[in-house]
Amino acid sequence: MKKALPVELTTEERKDLERFTRSQTVEKRLNLRSQIVLMASEGKESKEIALKLGTREATISKWRNRFIKDRLMGLQDEPRPGKPHEYTSEHEMRILKVLDKRPPKGYATWSGGLIAEHLKDISKDYVWRVLNKHGVELQRRHSWCISTDPEFSKKSADIVALYLNPPENAIVLCVDEKPAIQALERAQGWLKLPNGKAITGFNHEYKRHGTTTLFAALEMATGMVKTQQYNRRRRREFLAFMNEVVADYGQHEIHVILDNLSTHKPKNDKWLTRHKNVTFHYTPTHTSWLNQIEVWFSILSRQALKNRSFSSKEQLVQAIKDFEKAYNKKASPFEWTKTEVHQKKFTKKYNYAN
């Protein structure tokens, strides 16, 4: 019988192998191979090692010889060829290029099945894998609003400066209106399912009981909100609301952040002349997100109006007043963390090779 080759270890190799045998996270196969090499380095024969470890003698010979030849790297599995790839990067690019074409007649958008049908030699499953890889969601609706205001940078910097570093002893207010809030009466109840469970919800039908237009002013430093509701949204209502707001602050310097709605603009010069302590700051066009009152409107909708049923307009008006009162008890300022504001530029997502 051919005698097994002796295994000699360096100090570093022994430390690594012993670590492999102790580790709880090392693969079981690497643990076994490390034990084989360690026992072989003690002069044990392959037959003896196989009996002790409960494996075949051929396995012991294989790994001790692999270690002698390639040292620690020899204990790793050799790469397996496996089944050749059915698709290549060329197929991937063909799928992505289809997205630049119009879908077949009669269809509004592409789907994985339509793309596979169009390409003929690529499976639907592979099409979906490629789309998922690139984060392409064919049914998701995207929308955007780009500001074309030539003074975008100047106006944005002005408003951000008011948020981050307001004038000393001045009041900064964010003002806007939420028009046509509907008082909808929805039929509420519960529905028993065949499995015995019950769910609560609303009937899809509803009755309309009119609308209200909400004007609101958010005091940036405290987070407190002042509101007033009117039947219409005109310059008359806007100025009436502003009269109520500024009356609360006496002759304090007041800075008001507004959007570009026509009721907020030029014809209000007479009003500003009478209120010399008030300065209006207009957001750039299509940038309502710069006005923090929009955040509060979102909170109002989610916490006080969503899924509510109102049997009259008066009930809706009172619900908004009740929420304002409850909100102001624990109001706190919004923390403005956006330090850079810039117009978004769109670039082509995929650069196809010619």
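These values consider heavy atoms only, across backbone and side chains, with no hydrogens, waters or symmetry-generated copies. Nothing fancy with the numbering, it's 1 onward along the sequence.
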| field | Passing candidate, side chain to side chain contact (heavy atoms under 4.5 Å, CB included) with Leu290, options Pro284, Cys174, Ser147 | value | Pro284
| message | Less than 4.5 Å apart, side chain to side chain, heavy atoms only: is that true for Ile181 and Ile320? | response | yes
| task | Could you verify whether a donor N or O on one side chain and an acceptor N or O on the other, from Gln35 and Asn31, lie under 3.5 Å apart? | result | yes
| Just by distance, do the side chain of Arg66 and the backbone of Gly74 share a donor-acceptor pair under 3.5 Å? | yes
| task | Say whether, by atom type as modelled, one donor and one acceptor occur between the side chain of Ser301 and the main chain of Phe297 under 3.5 angstrom. | result | yes
| Looking at Lys15 and Glu18, does any basic side-chain N land under 4.0 Å from a carboxylate oxygen? | no
| said: Applying side-chain contact (heavy atoms from CB on, under 4.5 Å), can you list everything that pairs with Gln228, at least two apart in sequence or on another chain? | reply: Tyr230, Phe241, Glu244
| field | Residues which pass salt bridge (Lys or Arg N to Asp or Glu O under 4.0 Å) with Asp70, listed by chain and number, not counting sequence neighbours | value | none
| task | Check step by step if side-chain contact (heavy atoms from CB on, under 4.5 Å) holds for Phe152 and Thr285. | result | CA-CA 8 Å; Phe152 175 88; Thr285 56; over 6 Å; no
| note | Sorted by chain and number, sequence neighbours left out, salt bridge (Lys or Arg N to Asp or Glu O under 4.0 Å) with Arg129 holds for none
| message | With no hydrogens and no angle check, just 3.5 Å: does a side-chain donor-acceptor pair link Ser46 and Glu57? | response | no
| request: For residues Asn260 and Lys155, determine if any side-chain heavy atom of one lies less than 4.5 Å from a side-chain heavy atom of the other. | output: yes
| Is a donor on one side and an acceptor on the other found under 3.5 Å between the side chain of Gln315 and the backbone of Ser311? | yes
| message | Could you check whether Glu13 pairs with Arg71 (Lys NZ or Arg NE/NH1/NH2 to Asp/Glu carboxylate O, under 4.0 Å)? | response | yes
| message | For the backbone of Lys154 and the side chain of Asp158, can you confirm whether one donor and one acceptor N or O come within less than 3.5 Å of each other? | response | no
Expected list for residues 114-122: side-chain donor-acceptor pairs under 3.5 angstrom, two or more places apart:
from	atom 1	to	atom 2	distance (Å)
Asp121	OD1	Arg94	NH1	3.4
Asp121	OD1	Arg94	NH2	3.1
Asp121	OD2	Arg94	NH1	3.0

| note | Residues Arg208 and Leu184: closest non-hydrogen pair is CG-CD2, 4.0 Å
| query | What about Leu51 and Met39, same hydrophobic cluster or not, with Ile/Leu/Val/Met/Phe/Trp/Tyr joined at side-chain heavy-atom distances under 4.5 Å? | reply | no
| task | Can you tell me which residue pairs pass the side chain to side chain donor-acceptor pair (under 3.5 Å) test with a partner in residues 164-175, sequence neighbours excluded? | result | none
| task | Return the set of residues passing side-chain contact (heavy atoms from CB on, under 4.5 Å) with Thr55 (not counting sequence neighbours), or none when no residue passes. | result | Leu53, Thr59, Ile60
| query | What's the shortest heavy-atom distance between Arg33 and Leu75, and which atoms? | reply | NH1-O, 2.7 Å
| Step-by-step side-chain contact (heavy atoms from CB on, under 4.5 Å) determination, Arg14 to Leu38 | CA-CA 7 Å; Arg14 184 174 296 279; Leu38 285 171; 4.0 Å; yes
| field | Neighbour count above 12 (heavy atom, 6.0 Å) for Gln251 CD | value | no
| said: Main chain of Ala180, side chain of Arg233: is a donor-acceptor contact present, judged purely on distance under 3.5 Å? | reply: no
| query | What about Val26 and Leu9, same hydrophobic cluster or not, with Ile/Leu/Val/Met/Phe/Trp/Tyr joined at side-chain heavy-atom distances under 4.5 Å? | reply | yes
| Any side-chain heavy atom of Phe215 sitting closer than 4.5 Å to one from Val175? | no
| Can you name the closest pair of heavy atoms from Ala217 and Val245 and give their distance? | CB-CG2, 4.1 Å
| message | Would you say Glu294 and Ser288 are linked by a side-chain donor-acceptor pair, where the criterion is simply a distance under 3.5 Å? | response | no
| message | I'd like to check the side chain to side chain donor-acceptor pair (under 3.5 Å) partners of His275; sequence neighbours left out, ordered by chain and number. | response | none
| So, the side chain of Tyr126 versus the backbone of His91: is there a donor-acceptor pair under 3.5 Å, distance only? | no
| message | Pair Leu96, Met93 - check side-chain contact (heavy atoms from CB on, under 4.5 Å), show working. | response | CA-CA 5 Å; Leu96 296 177; Met93 295 308 297; 4.3 Å; yes
| So do His134 and Glu92 actually touch side chain to side chain, heavy atoms under 4.5 Å? | yes
| said: Restricting to ring pair (Phe, Tyr, Trp, His ring centres under 6.0 Å), what partner residues turn up for His209, sequence neighbours left out? | reply: none
| Check ion pair Lys47-Glu45 (N to O, under 4.0 angstrom) | no
| Linking I/L/V/M/F/W/Y whenever any side-chain heavy atoms sit under 4.5 Å apart, do Tyr249 and Phe280 land together? | yes
| said: Regarding Arg19 and Asp16, does a basic nitrogen lie under 4.0 Å from an acidic carboxylate oxygen? | reply: yes
| said: Among residues at least two apart in sequence or on other chains, which ones pass salt bridge (Lys or Arg N to Asp or Glu O under 4.0 Å) with Arg64? | reply: none
| Donor-acceptor side-chain pairing of Tyr282 and Glu151 below 3.5 angstrom | no
| field | Beyond-backbone contact of Val295 with Trp289, side-chain heavy atoms, under 4.5 angstrom | value | no
| query | So do Ile257 and Met220 actually touch side chain to side chain, heavy atoms under 4.5 Å? | reply | no
| When you look at Gln182 and Thr211, which way does the side chain to side chain donor-acceptor pair (under 3.5 Å) test go after all the steps? | CA-CA 4 Å; Gln182 296 190 75; Thr211 63; over 6 Å; no
| remark: Correct closest heavy-atom pair for Trp110 and Val98 would be NE1-O, 3.3 Å
| field | Student check: side-chain heavy atoms of Leu138 and Leu99 closer than 4.5 Å | value | yes
| Nearest heavy-atom neighbours spanning Trp128 and Ser111 | CZ2-C, 4.4 Å
| Taking atom types as modelled, is there a side-chain donor on His264 or Asp259 under 3.5 Å from an acceptor on the other? | yes
| Pair Tyr163-Glu335, side chain to side chain donor-acceptor pair (under 3.5 Å): steps then yes or no | CA-CA 9 Å; Tyr163 289 153; Glu335 184 177 353; over 6 Å; no
| field | Which residues share a side-chain contact (heavy atoms from CB on, under 4.5 Å) with Ala170, sequence neighbours left out | value | Pro167, Glu253, His255
| Partners passing side-chain contact (heavy atoms from CB on, under 4.5 Å) against Ala304 (at least two apart in sequence or in another chain) | Leu300, Phe323
| Would you call Lys105 and Tyr107 a side-chain contact if the rule is heavy atoms closer than 4.5 Å? | no
| request: Any pair with a residue in residues 4-44 that passes ring pair (Phe, Tyr, Trp, His ring centres under 6.0 Å), sequence neighbours left out, goes on the list, sorted by first then second residue, please. | output: none
| note | Correct closest heavy-atom pair for Trp271 and Met242 would be CZ2-CB, 3.6 Å
| Polar side-chain atom of Asn328 near backbone of Met224 as donor-acceptor pair, under 3.5 Å | no
| said: Quick one, Leu17 with Thr21, criterion side-chain contact (heavy atoms from CB on, under 4.5 Å). Give me CA distance, side-chain angles, the key distance, then yes/no. | reply: CA-CA 6 Å; Leu17 292 169; Thr21 60; 5.7 Å; no
